[in-house]
2 protein chains.
Amino acid sequence: MPDERVEAAMERIRASGGRATVDRRAVLEALVRNQDHATAEELAELVRAEHPDCNLATVYRTLELLERLGIAFHVHLGHGPSQWHLAEAVHHHLVCDECGAVVEVGDAVFDPLRRRILADTGFVLDPHHFSLSGRCARCTAASSSPSSKRKG
Amino acid sequence: MPDERVEAAMERIRASGGRATVDRRAVLEALVRNQDHATAEELAELVRAEHPDCNLATVYRTLELLERLGIAFHVHLGHGPSQWHLAEAVHHHLVCDECGAVVEVGDAVFDPLRRRILADTGFVLDPHHFSLSGRCARCTAASSSPSSKRKG
DNA sequence: GTAATTGCAAAGCTTTTGCAATTTA
DNA sequence: TAAATTGCAAAAGCTTTGCAATTAC
């Protein structure tokens, strides 16, 4: 079942002078199949479901190409490896410093901050590349109500 | 010239059961002397000015200790090594995707976003750990006014 | 056929770790 | 002296790279 996003991306690769290879298509398909974020290693795993001998270096090189073409992005959610996703709906990640939970928020919540920072500094905010840190609702509740306080 | 921040920090190390060693004092002094952010490697360089045989592993271990005690923090400004600074005024970093320029902003600009996110998700935002990406005023100007457009 | 892509293995870079030697309290 | 800290070297984890073999056009 050919996905139109995959076809469009392959077309863009070709248009940019690149070659439409099996491996590139496989990585794209893995990105499409995987709704969440995935690390390069996880994507390689997904690709291996269809093409058992998928090379990690090729996945990295393909992701780099896709990012250069604006087809995919990587984000840093914490200290581990980068996470990759297709460049579709722009969204942002709140990562809990305590438990590592990831909360996604839309882009629009940033509008007031964006306006303010633009006015103050001229900087055009596009905070997709890194996550925002803090503490999730659950951990906040756990640490602020003394009766339910627990270490772990 | 004993700096009161260094003394206070050494006191806190001692109070937490740690030992007040020459190396730890040297790393603290480097952090104080260096107003900006510095990588572990850069801090080791600074320490070496006084103590020529400063060990990088010790710097890392000391920074980890200082972070655990809330005395210092590390932030990720981009793809390179972490940057360290004393935990004084809370501030945040806007890093230009294009030229890498770092713009610092105070914590207060985040208040509206913080309220909004708290209301929407219960997440308590404390976005010190990662930088925010975007495009600095200069690069924005360079790419939006056709006459001054230039590559590089 | 020619240039781009891939596989492999090795290296790069930042950070962590095991362990014996040293230092602090 | 007992426990914590340090130095060293090695390892870990993620990512990039050189080069010969392969593949797309």
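Protein chains get the first letters and strands the later ones, always in sequence-line order, with residue 1 at the start of each.
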message = Is the ring pair His85(A)/His93(A) parallel, tilted or perpendicular, if the boundaries are 30 and 60 degrees?
response = tilted

message = Check the orientation of His74(B) and His79(A). Use parallel for under 30°, tilted for 30 to 60°, and perpendicular for over 60°.
response = tilted

For [X], report the nucleic acid contact type (base, sugar-phosphate, nothing); a contact means any heavy atom under 4.0 Å.
| X | answer |
| --- | --- |
| Ala20(A) | sugar-phosphate |
| Gly80(B) | nothing |
| Gly17(A) | nothing |

Can you check the [X] [atom1] to [N] [atom2] distance for me, whole Å?
| X | N | atom1 | atom2 | result |
| --- | --- | --- | --- | --- |
| Leu56(B) | dT15(C) | CG | P | 9 Å |
| Leu43(A) | dT15(D) | CG | C1' | 15 Å |
| Asn55(A) | dA4(C) | CG | C1' | 16 Å |
| His79(A) | dT15(D) | NE2 | P | 14 Å |
| Glu11(A) | dC25(D) | CD | P | 11 Å |
| His76(A) | dT14(C) | NE2 | C1' | 14 Å |
| Glu45(B) | dT14(C) | CD | C1' | 16 Å |
| His51(B) | dT22(C) | NE2 | P | 20 Å |

According to a strict under-4.0 Å criterion, is [X] in side-chain N/O contact with OP1 or OP2 of [N]?
| X | N | answer |
| --- | --- | --- |
| Arg14(B) | dA25(C) | yes |
| Tyr60(A) | dT16(D) | no |
| Ser82(B) | dT14(C) | no |
| Arg61(B) | dT6(D) | no |
| Thr21(A) | dA24(D) | no |

ask   = Among dA25(C), dT6(C), dT6(D), which is the nearest nucleotide to the side chain of Thr62(B)?
value = dT6(D)

remark   = Picking from dT23(D), dT6(C), dA4(D), the nucleotide nearest the side-chain atoms of Arg19(A) would be dT23(D)

ask   = Phe110(B) versus Val90(B): any side-chain heavy-atom pair under 4.5 Å?
value = no

remark   = Between Ile13(B) and Ala57(B), whichever has its closest DNA chain D nucleotide further toward 5' is Ile13(B)

message = If you apply the rule salt bridge (Lys or Arg N to Asp or Glu O under 4.0 Å), what do you find for Arg114(B) with Asp107(B), and how did you get there?
response = CA-CA 10 Å; Arg114(B) 194 172 269 133; Asp107(B) 187 55; 2.9 Å; yes

ask   = Hey, is the main chain of Thr140(A) close enough, under 3.5 Å, to the side chain of Arg135(A) for a donor-acceptor pair?
value = no

